[in-house]
Each structure stands twice: as C-alpha cells, then as structure tokens.
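Take a look at the structure set out below.
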Amino acid sequence: LVRAYGKAAGEALDLATIRTIALTRRFVVTYPYDCSKAIEGWLRTWEIQPTSSRFTEEVEIDLDLVEGTERPILDGLVESTGNRANVREIGENKP
C-alpha cells in the first residue's frame with residue numbers, strides 16, 4: 001500500500017505544473033480629470049492596467065500592484081500629477 005501510494009503521488013507530481021503567484025496589494029488612486037494624461041503615461045511606463053475605473057467628480061482607478069513594487073510606482077504617480085492624486089490602500093495581499 002505504501003509503495004502504491006508513493007508511486008501514485010510521484011506520478012501526480014510529474015503531471016503537476018508549477019505556477020508562480022505574486023502577492024499584490026490593491027490601491028485606489030483618485031485624481032482630477034486634467035491629470036489623466038500624466039496618470040495614463042506613468043501607468044504605461046510601468047505596464048500597469050487599472051483593474052477598474054470610476055468617473056464621478058474626479059477619476060478613481062483601482063490598481064493591483066505586486067508587493068514590494070508599490071512605493072516607487074505610487075510615489076511617481078503622485079509626483080506626476082503635482083501631488084494632486086490621492087492614494088489609499090483598500091486590499092490585503094492576494095494571489
């Protein structure tokens with residue numbers, strides 16, 4: 001029984017694929033409409049797509065950023081708007 005289990009486990013592991021999962025943190029960035037070009041350019045530089053967008057009095061976008069990369073991305077984002085963008089974290093780490 002032990003050998004059969006070992007063989008079955010080995011075969012299952014041989015067939016398994018390895019996935020790399022990055023932990024992310026979710027942020028909401030709020031900014032005036034006239035900062036849209038600056039924000040879009042900065043996100044394009046980092047190859048980041050917002051997970052969602054809302055357009056009310058101001059623009060709000062949700063960003064999922066890989067843990068450990070968020071500070072330079074968010075600091076540059078705020079600087080690109082002349083400190084007119086506001087950032088708040090809304091989510092825990094998630095795969």
Side-chain angles (χ1 to χ4, degrees):
L1 184 62
V2 171
R3 284 190 192 120
Y5 174 76
K7 182 180 178 191
E11 289 172 358
L13 288 174
D14 289 341
L15 296 174
T17 58
I18 296 174
R19 274 187 4 176
T20 301
I21 297 175
L23 295 179
T24 62
R25 302 187 80 78
R26 179 163 288 180
F27 296 87
V28 174
V29 181
T30 306
Y31 55 91
Y33 282 93
D34 63 340
C35 293
S36 294
K37 294 278 188 213
I39 295 282
E40 291 167 8
W42 186 254
L43 294 177
R44 206 171 18 261
T45 298
W46 286 87
E47 299 179 356
I48 296 170
Q49 292 291 321
T51 55
S52 66
S53 304
R54 290 168 298 290
F55 302 94
T56 58
E57 297 93 35
E58 294 189 300
V59 181
E60 281 190 353
I61 58 172
D62 296 339
L63 301 175
D64 288 342
L65 302 177
V66 174
E67 190 174 82
T69 66
E70 61 267 38
R71 273 297 42 113
I73 294 170
L74 295 173
D75 289 348
L77 194 73
V78 171
E79 287 175 19
S80 75
T81 66
N83 294 321
R84 295 180 8 178
N86 295 306
V87 177
R88 73 182 194 281
E89 186 172 357
I90 60 168
E92 297 292 321
N93 291 342
K94 68 180 186 87

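In this chain, numbering begins with 1 at the start of the sequence shown.
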Problem set entry | For Ser53, side-chain hydrogen bond (donor to acceptor under 3.5 Å, both in side chains) partners two or more places apart | none
Exercise. What pairs meet the salt bridge (Lys or Arg N to Asp or Glu O under 4.0 Å) rule with one or both residues in residues 48-59, with sequence neighbours excluded?
Worked result: Arg54-Glu60, Arg54-Asp62
Seminar exercise, completed: Tightest non-hydrogen contact, residues Ser80 and Ala38, listed as O-CB, 3.4 Å
Seminar exercise, completed: By salt bridge (charged side-chain N to carboxylate O under 4.0 Å, His left out), Glu40 pairs with (sequence neighbours left out) none
Exercise. In chain order, what residues pass the side chain to side chain contact (heavy atoms under 4.5 Å, CB included) check against Thr56, with sequence neighbours excluded?
Worked result: none
Problem set entry | Residues which pass side chain to side chain contact (heavy atoms under 4.5 Å, CB included) with Arg3, listed by chain and number, not counting sequence neighbours | none
Problem set entry | salt bridge (Lys or Arg N to Asp or Glu O under 4.0 Å) contacts in which one or both residues fall within residues 68-81, not counting sequence neighbours | Arg71-Asp75
Exercise. Looking at residues at least two apart in the chain, or sitting in another chain, which of them share a side-chain hydrogen bond (donor to acceptor under 3.5 Å, both in side chains) with Asn86?
Worked result: none
Distance-only check: which donor-acceptor pairs under 3.5 Å involve side-chain atoms of residues 12-23, not counting sequence neighbours?
none

Problem set entry | Residues that Arg88 engages under salt bridge (charged side-chain N to carboxylate O under 4.0 Å, His left out), provided they are two or more places apart | none
Seminar exercise, completed: Excluding Tyr33, membership of its hydrophobic cluster (Ile, Leu, Val, Met, Phe, Trp, Tyr; side-chain heavy atoms within less than 4.5 Å) reads Phe27, Val29, Tyr31, Ile39, Trp42, Leu43, Trp46, Ile48, Phe55, Val59, Ile61, Leu63, Leu65, Ile73, Leu74, Leu77, Val78, Val87
Problem set entry | For Asp34, salt bridge (charged side-chain N to carboxylate O under 4.0 Å, His left out) partners two or more places apart | Arg84
